[in-house]
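To start, the structure itself, in structure tokens.
Heavy-atom basis, side chains included; hydrogens, waters and symmetry copies ignored.
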Amino acid sequence: MTVLEVDRSVGGLRWEYKRSDDRLALALSQKYNLPDLVARLLTSRGITPDTAEEYLNPKLKNNLPNPFSLRDMERAASRMATAVINGEPIGLMGDYDVDGATSTALLKMFLEKCGTTVFCFIPDRDDGYGPNAAKMHEFYQKGCRVVATLDCGMTAFDPIDEGTKAGLDILVLDHHDPEKQLPNAYAVVNPKRLDEPITHPCRYMAAVGVVFLFTVALNVILRSKGFYKNKPEPNLMSFLDLVAFGTVCDVVKLIGVNRLFVKSGLNQMKRGQNIGLTALAELVNLSEPATTYHLGYVFGPRINACGRVGTSDIGMKLLSCSDPVQAHALAHELEELNLMRRDIESAVLLEAIEQVESKPLETPFIVVQGENWHQGVVGIVAGRLKDKYNLPVFALSIEGDEVKGSSRSVQGVDLGSIIMNALQKGLLARGGGHPMAAGFSLSRQKLPAFFSYLAESISFDMLAHDGTVLEVDGVLDIQAITPDFMEKINLLAPFGESNPEPCFVIKNVYITKTNLLRNGHIGCSLSGLNGGYLRAIAFRAADTEIGKALLTAKNKPFHIAGILKEDSWKGHVKIQLQILDIAPAE
């Protein structure tokens with residue numbers, strides 16, 4: 001059903017209502033005393049009167065999956081428990097993104113609270129993704145006989161095989177899509193193992209969620225063996241801030257237990273117990289409780305920066321830091337790396353956009369490539385292009401004969417499966433990922449065959465939408481936007497992948513003031529025909545049709561679609577609209 005008869009907005013979109021169930025919405029509204037619009041939001045997310053209580057008032061302790069329900073969990077936790085009890089040093093090998101950093105920091109802190117000596121390794125980009133054989137031998141020389149790979153390892157067959165032959169018991173704790181063959185490890189814990197049920201409640205966890213469940217299992221075994229008889233148990237709940245951080249930044253589905261992890265983790269973050277996260281908050285002058293926005297778009301890029309253009313273990317060191325002075329220094333080091341990353345990214349992005357727009361698009365996906373593009377930013381560039389063109393994107397950095405790539409997807413195209421199939425066909429040297437994001441490497445000679453494979457694997461029919469529709473949750477008068485209304489909307493939080501922030505249309509408003517801000521953002525003041533006021537912002541809009549319309553919209557009424565955000569400053573809550581699209585209200 002078209003919203004306010006907008007068949008073609010300034011942004012070129014048709015506005016349509018999201019599907020909702022009127023009967024269930026009425027039942028929810030009456031049972032929980034909710035505004036009709038909020039009840040409709042719940043039904044559009046598949047919530048019924050029978051499941052609403054658990055959704056609106058979730059409790060992690062009632063919904064945490066049994067960690068031992070995952071295959072190899074008991075075997076993995078038992079082996080590490082033996083190492084902890086016997087005082088063996090333990091090696092940890094994590095990925096260089098936020099999920100890998102949080103996973104490694106979490107398990108490192110737990111083990112150190114148990115008195116264990118821990119050696120950590122986060123590979124730099126030059127080391128390649130995942131475990132490597134040289135580091136396996138180094139762990140062995142340091143006295144480790146147990147090594148855990150965190151957020152990596154599922155396809156690292158040769159390094160894990162070599163480490164196993166060298167005498168290491170390797171525990172793979174991962175969540176990436178597997179191949180039919182499992183690595184030759186002591187134990188492989190992954191909710192996406194092909195012999196795990198697809199309905200397993202852990203299936204969509206980030207690696208940090210899997211690692212958290214592993215610590216729960218490890219703690220249970222240590223307790224059963226009397227390890228804590230003369231020492232306190234680590235407080236597992238204190239690690240939920242890291243679980244929330246990694247879960248949000250890995251863009252996994254925020255449904256089920258993942259939503260509970262993030263909701264509980266944001267509450268834990270308010271306590272300020274993680275010194276590294278506190279240092280990040282101070283660095284960016286965050287004066288309000290962190291939200292998923294801050295995790296994904298403020299903290300996340302700074303942790304990721306070290307894995308993109310610096311020394312990859314800085315983020316992990318910050319998140320597991322116990323010294324506020326050291327944490328402050330590490331946070332500022334990350335800030336410098338993030339600024340460097342932005343400059344590099346801007347140059348590569350500009351070149352990539354020129355490639356896309358210099359020739360007609362003949363495929364339902366985009367490929368951009370550059371000689372010696374910095375490998376640390378191709379993933380961000382792929383994401384920017386995906387957002388701009390609403391198509392799957394493959395961004396490639398070519399150095400000599402070696403090609404390293406990163407890809408980002410849209411709904412309907414499972415990149416994880418596509419990359420894993422290419423790996424099995426011998427087109428790629430390495431690869432792995434999720435439905436929405438994947439990384440890979442291959443030789444330059446195989447690029448034509450890889451491009452042909454992509455053309456065979458991705459069709460226009462696979463795309464979940466044609467890119468011409470904006471789905472709207474409801475229409476509001478500007479006077480209806482109050483703190484009380486936002487409190488009701490926030491019952492659905494935390495928002496993220498598969499639980500998106502609601503999109504509302506604010507009808508019949510005048511744009512009374514506009515300001516051109518840094519980075520092409522446009523700030524606006526909106527007023528209603530019958531009163532009411534709202535601040536608004538359109539990000540990176542200056543050079544778009546929407547931006548041009550905003551800057552010239554004098555004495556003309558508009559309908560404005562966007563997402564409502566709350567800003568807290570010194571106890572005062574202000575509401576702002578993040579503009580997605582506009583249409584003349586004529």
Side-chain angles (χ1 to χ4, degrees), residues 95-103 105 151 175 204-209 240-255 258-270 274 276-281 283-286 288-308 315-316 318-319 331 334-335 337-338 341-342 345 376-377 379-384 386-388 406 408-411 433-437 490 492-503 519 521 537 539-540 562-568 576 578 580:
D95 191 13
Y96 41 56
D97 64 0
V98 177
D99 195 16
T102 52
S103 297
D151 193 31
H175 73 133
Y204 298 109
M205 280 185 181
V208 70
L240 286 173
D241 46 13
L242 293 180
V243 180
F245 190 16
T247 298
V248 169
C249 289
D250 222 49
V251 201
V252 295
K253 294 183 177 181
L254 284 198
I255 57 176
N258 283 347
R259 180 169 174 267
L260 294 176
F261 277 153
V262 175
K263 196 175 184 72
S264 301
L266 289 173
N267 287 331
Q268 173 62 30
M269 205 171 294
K270 293 176 184 177
N274 185 287
L277 289 174
T278 298
L280 280 178
L283 177 74
V284 300
N285 297 314
L286 183 63
E288 59 186 297
T291 65
T292 53
Y293 169 80
H294 298 111
L295 298 185
Y297 296 99
V298 180
F299 293 174
R302 287 165 171 81
I303 297 295
N304 273 328
C306 65
R308 298 186 187 281
M316 181 275 296
L318 173 66
L319 297 176
L334 289 175
E335 180 69 0
L337 291 172
N338 192 44
R341 185 271 306 168
R342 288 179 182 175
E345 174 201 329
V377 302
I380 301 177
V381 169
R384 298 279 192 223
K386 183 267 295 183
D387 292 340
K388 182 176 178 65
S406 189
R408 298 294 183 270
S409 194
V410 298
Q411 292 295 331
H434 320 295
M436 303 304 291
N490 287 333
L492 283 69
F495 299 111
E497 182 69 21
S498 297
N499 187 38
E501 293 177 277
C503 174
N519 301 317
H521 308 324
I537 187 168
F539 291 113
R540 299 187 183 91
I563 296 169
L564 293 170
K565 302 276 191 178
E566 284 184 309
D567 286 334
S568 298
Q576 178 174 269
Q578 179 184 324
L580 301 179

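The closest side-chain heavy-atom distance from Leu280 to Leu286 is not below 4.5 Å. Contact annotation: the side chain of Cys306 never approaches that of Tyr96 to less than 4.5 Å [non-hydrogen atoms, C-beta and beyond]. For the pair His175/Asp151, a side-chain contact is recorded, criterion being any heavy-atom separation below 4.5 Å from C-beta on. By the 4.5 Å heavy-atom criterion applied to side chains, Arg341 and Val377 are counted as neighbours. Under the 4.5 Å side-chain criterion, counting only non-hydrogen atoms from C-beta, Gln268 is not in contact with Val243. Considering only heavy atoms from C-beta on, Arg408 stays 4.5 Å or farther from Met436 through its side chain.
The two residues Leu254 and Ser498 come nearest to each other via the heavy atoms N-CB, 4.5 Å. Residues Gln576 and Ile537 come closest through the heavy atom pair NE2-CG2, 3.4 Å. Pairing each heavy atom of Gly296 with each of Cys249, the nearest pair is CA-SG, 4.1 Å. Nearest heavy atoms, Gly265 versus Ala244: CA-CB, 3.7 Å. Between Ala382 and Ser406, the shortest heavy-atom distance links the atoms CB-O, 3.8 Å. Minimum interatomic distance between Pro494 and Leu266 (heavy atoms only, all atoms of both residues): CB-CD1, 4.2 Å.
Here Arg302 pairs with Glu335 under the salt bridge (charged side-chain N to carboxylate O under 4.0 Å, His left out) rule; sequence neighbours left out. Qualifying salt bridge (charged side-chain N to carboxylate O under 4.0 Å, His left out) partners for Arg384, counting only residues two or more places apart in sequence or in other chains: Glu345. Applying the salt bridge (charged side-chain N to carboxylate O under 4.0 Å, His left out) test to Lys565 and every residue at least two apart in sequence or in another chain returns Glu501.
Between the Asn304 side chain and the Val98 main chain, a donor and an acceptor come within less than 3.5 Å of each other. Under a 3.5 Å cut-off, the side chain of Asn258 and the backbone N or O of Lys253 do form a donor-acceptor pair. Side-chain atoms of Arg259 come within 3.5 Å of backbone atoms of Ala493 as a donor-acceptor pair (strictly under, hydrogens ignored). Proximity of a side-chain donor or acceptor of Asp99 to a complementary backbone N or O of Ala207 within less than 3.5 Å is detected. Side-chain N or O atoms of Thr247 include none that pairs as donor or acceptor with a backbone N or O of Ala206 at under 3.5 Å. No donor-acceptor pair under 3.5 Å is formed between the side chain of Asn274 and the backbone N or O of Met269.
Interatomic distance, Arg308 CZ to Asn338 CG, rounded to the nearest 0.5 Å: 9.5 Å. The CG atom of Asn490 sits 6.0 Å away from atom CZ of Phe495, with the distance rounded to the nearest 0.5 Å.
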Apply the test side chain to side chain contact (heavy atoms under 4.5 Å, CB included) to residues His294 and Thr291: give CA-CA distance (whole Å), side-chain angles for both, the deciding distance (0.1 Å), then the verdict. CA-CA 5 Å; His294 298 111; Thr291 65; 3.1 Å; yes
Going through the distances and angles, do His434 and Val251 end up as a side chain to side chain contact (heavy atoms under 4.5 Å, CB included)? CA-CA 9 Å; His434 320 295; Val251 201; over 6 Å; no
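Heavy atoms of other residues, nucleotides or ligands lying less than 6.0 angstrom from CZ of Phe539 number more than 12.
Checked against Phe245 for a side-chain contact (heavy atoms from CB on, under 4.5 Å), the options Val208, Ile303, Leu240 give a single hit: Ile303.
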